[in-house]
Amino acid sequence: MGKTAKETQHGQAGSAADFQVLFESVPGMCLVLDPDLRIVAVSDTYLRNSQAARADLAGRCIWEVFPEDSDDPSHGGGMVGLRASLDRVCRDRVPDTMAVQRRSIPGGGSRPDIGPGSAADGRAGSWAGNGAGPAAGGPVPGPGWAEDEYVRPVNIPVLSPGGELRYIIHWAEDITSATMELADAHRARLAAEEARDEFIYRVSHELRTPINTILGFGELLSLGELPGEHRDWATMMLKAARNLATFLDDVLDISRANRRKLSLAIEPVSVRHVIADALELVRPLAISYGVRLDPPPQTRRYVSADPQRLRQVLLNLLSNAIKYNHPAGRASVTVGTGSQGLLRINVIDTGRGIAEYDISQLFVPFQRLDAANAGVEGAGLGLTLCRQLIEAMGGAVGATSTAGEGSIFWVDLPVAKPAAPAPQVVDGESVLTTRAYPAPRTVIYVEDMVEGLRLVEHILRQRPSARVIPAMLGGVALDLAAEHHPDLILLDLNLPDMSGEELLYRFQADPATSGTPIVIISADANADRMERLVAAGAVAYLTKPISVRTFLQTIDGLLAGPAPDAAGPGRVEQAELDAQPAPPPLPD
């Protein structure tokens with residue numbers, strides 16, 4: 001027997017009531033809006049978490065409940081996002097997900113508003129709809145908050161069979177737990193990176209001191225008269241020490257680049273000059289591998305770059321072009337136009353080339369492809385560092401290759417206007433030869449490692465008019481300076497009785513040594529400290545392991561002039577030292 005109209009109507013009413021109960025019991029924060037954006041249904045979870053009453057919300061337009069003219073800027077931002085989202089849903093009839101919303105309540109407060117807002121005092125405030133917070137890389141809740149909560153609102157259209165908009169479900173998914181987990185993971189990652197960087201720094205610092213001894217005395221040995229076999233031993237020792245020092249520098253530079261703390265001095269750089277310098281520096285390596293270097297390109301173009309870092313990149317690329325080449329092969333550098341109007345520097349070799357599927361792995365840290373099988377030394381960090389340096393200078397780096405024919409590694413950098421030519425200091429005499437200063441000089445070296453003291457004493461035998469007075473304690477150095485009135489102070493930073501930084505300030509505060517140039521010699525390669533101490537008055541900062549040539553160039557720049565007057569020698573700018581031409585390279 002069929003149902004009567006009354007029974008059918010009663011059944012429909014019962015179904016509607018059941019649906020109302022079911023919807024209100026949904027374990028989620030939901031509102032239902034009609035096409036005019038009136039609230040027609042509210043879930044119990046929404047009411048409970050927003051501390052609102054159903055009567056305050058049902059039947060009212062959403063803009064009456066959640067006003068857009070709130071005095072709180074975060075409310076306005078949340079409402080602007082809500083209006084834009086609802087407009088898109090009404091127009092496109094597709095779901096629209098809003099930015100993650102966050103609210104924080106001061107200590108002891110109640111649970112924050114949920115979704116677009118709460119109905120406190122009949123007016124609802126929105127969540128901060130800017131996508132901030134741990135999930136979006138924004139600020140992490142601080143200790144002044146008792147609770148931070150996050151939701152991801154989504155507006156979902158409900159369409160009729162004919163495609164007309166019937167309702168909009170506003171569902172605010174509580175993602176607080178997931179967001180807090182992300183925040184905890186973010187803090188743990190930062191702590192791990194900090195621990196890694198500290199470990200790298202400590203290992204680098206500890207290794208630089210012994211490498212300084214090996215490399216320094218190795219260079220001195222190579223300058224003397226040695227039997228053929230012993231000279232080969234010294235050459236191998238120097239090569240190993242330099243490789244290790246380069247590895248430490250690369251690791252530190254990559255760590256700095258990852259933390260965006262890489263120190264750069266961007267200026268107009270002559271492309272021809274920097275290429276010529278790099279070619280000259282790798283020429284001994286090319287000779288040892290039997291690879292021919294083509295002359296540098298005759299270009300007058302300039303790029304915006306750090307000259308030292310660009311030279312470092314070209315040296316790395318040219319070294320690879322030589323090491324991975326064939327005997328009697330060629331390596332060259334050309335200049336052209338790169339992407340987006342940048343100037344392109346190409347380093348070209350005639351080696352065996354690189355397979356296409358390996359190109360993408362070239363700039364991955366510690367990725368050496370078949371270098372080990374080919375007998376090429378290295379740690380696989382050079383190309384990674386090249387990429388980070390060039391990108392930090394606003395450029396790009398890449399490679400193309402043809403197996404069996406060779407490879408092209410290119411660097412794109414912004415074009416710059418030529419800089420005014422810097423004055424050049426002409427000195428035809430090699431810095432490594434023995435020479436005397438115009439007058440006797442007194443040098444105090446503050447260093448607590450006997451090996452370091454002995455190394456500097458032996459190097460300065462090349463300058464017989466310079467007398468070295470060692471001091472292994474900061475307090476002793478102060479007394480010696482007061483007694484001997486030195487022309488130069490060499491200062492290590494790691495001393496037993498006081499820090500070298502403190503000693504620097506005490507020398508500067510003493511009228512007797514306030515005008516005495518001070519050169520830092522330290523295994524501490526921290527860029528921030530280097531910049532701080534040079535800004536504080538140190539005339540130069542030499543990082544261990546020191547090069548004999550670099551050390552003598554620095555000393556000569558400070559002591560080779562006329563005898564200082566009573567006021568003491570003045571500050572010598574680092575640019576004056578850098579302007580001196582580089583002497584012939586030491587034998588490898």
Side-chain angles (χ1 to χ4, degrees), residues 197-198 200-202 204-205 208 212 248-249 252-253 255-269 304-312 389 392-393 419-420 422-423 425 443-447 471 474 477-478 481 486-495 498-547 550-551 553-559 561 564 567-580:
D197 293 340
E198 179 66 17
I200 291 174
Y201 168 75
R202 291 296 177 189
S204 171
H205 185 276
R208 285 179 184 277
N212 182 59
L248 290 177
D249 289 338
L252 276 179
D253 281 341
S255 177
R256 291 169 184 151
N258 288 336
R259 290 179 295 148
R260 302 186 183 277
K261 291 187 176 181
L262 198 61
S263 178
L264 295 173
I266 305 298
E267 61 184 65
V269 178
S304 180
D306 181 311
Q308 302 301 325
R309 294 299 191 178
L310 179 55
R311 184 181 294 109
Q312 181 179 354
L389 289 173
M393 290 186 278
V425 178
V443 178
I444 291 180
Y445 184 21
V446 192
E447 165 68 80
L478 290 169
D487 302 292
L488 174 65
I489 296 174
L490 306 176
L491 178 58
D492 184 36
L493 296 179
N494 189 22
L495 302 173
M498 69 177 71
S499 72
E501 189 168 348
E502 177 187 349
L503 188 56
L504 170 67
Y505 297 139
R506 293 181 65 171
F507 278 133
Q508 291 178 324
D510 187 341
T513 52
S514 60
T516 305
I518 299 176
V519 174
I520 306 294
I521 302 178
S522 175
D524 187 344
N526 182 283
D528 292 338
R529 172 171 284 191
M530 295 169 67
E531 292 176 2
R532 184 175 70 252
L533 293 183
V534 170
V539 297
Y541 192 120
L542 303 181
T543 303
K544 296 178 181 177
I546 60 172
S547 160
T550 301
F551 176 77
Q553 282 179 325
T554 304
I555 300 301
D556 289 348
L558 295 167
L559 300 181
R571 177 186 174 93
V572 177
E573 295 297 331
Q574 186 66 36
E576 297 179 25
L577 303 176
D578 295 338
Q580 298 185 36

### Task
Carefully, step by step, assess V539 and T554 under the rule side-chain contact (heavy atoms from CB on, under 4.5 Å).
CA-CA 9 Å; V539 297; T554 304; 6.0 Å; no
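Looking at every heavy atom in both residues, I266 comes nearest to S304 through CG2-OG, 3.1 Å. Between A305 and L310, the closest heavy-atom pair is CB-CD2, 4.1 Å. Here the shortest heavy-atom pairing between I444 and P486 reads CD1-CG, 3.7 Å. Annotation for L503 and A477: closest pair CD2-CB, 4.2 Å, computed over non-hydrogen atoms.
D306 has its side chain out of reach of Q312: every pair of non-hydrogen atoms, C-beta onward, lies at least 4.5 Å apart. Taking 4.5 Å as the limit, some side-chain heavy atom of F551 sits within range of a side-chain heavy atom of L542. A heavy-atom distance below 4.5 Å is found between the side chains of L493 and L533. Annotation: side chain of I520 is in contact with side chain of L491 (closest heavy-atom distance under 4.5 Å). Between T513 and I518 there is no side-chain heavy-atom pair separated by less than 4.5 Å.
Between the Q508 side chain and the A536 main chain, a donor and an acceptor come within less than 3.5 Å of each other.
Contacts classified as salt bridge (charged side-chain N to carboxylate O under 4.0 Å, His left out) and involving residues 509-520 (residues at least two apart or in different chains) are not found.
The CD atom of E501 lies 4.0 Å from the CZ atom of R532; values are rounded to the nearest 0.5 Å. One finds the OG atom of S547 at 10.5 Å from the CG atom of N212 (value rounded to the nearest 0.5 Å).
Exactly one of V519, L558, D487, L488 qualifies for a side chain to side chain contact (heavy atoms under 4.5 Å, CB included) with V443. That residue is L488.
Take T543 and apply the side-chain contact (heavy atoms from CB on, under 4.5 Å) test, not counting sequence neighbours, and it matches R208, A525, M530, Y541. Under the rule for a side-chain contact (heavy atoms from CB on, under 4.5 Å), the partners of R506 that lie at least two apart in sequence or sit in another chain are L478, M498, E502.
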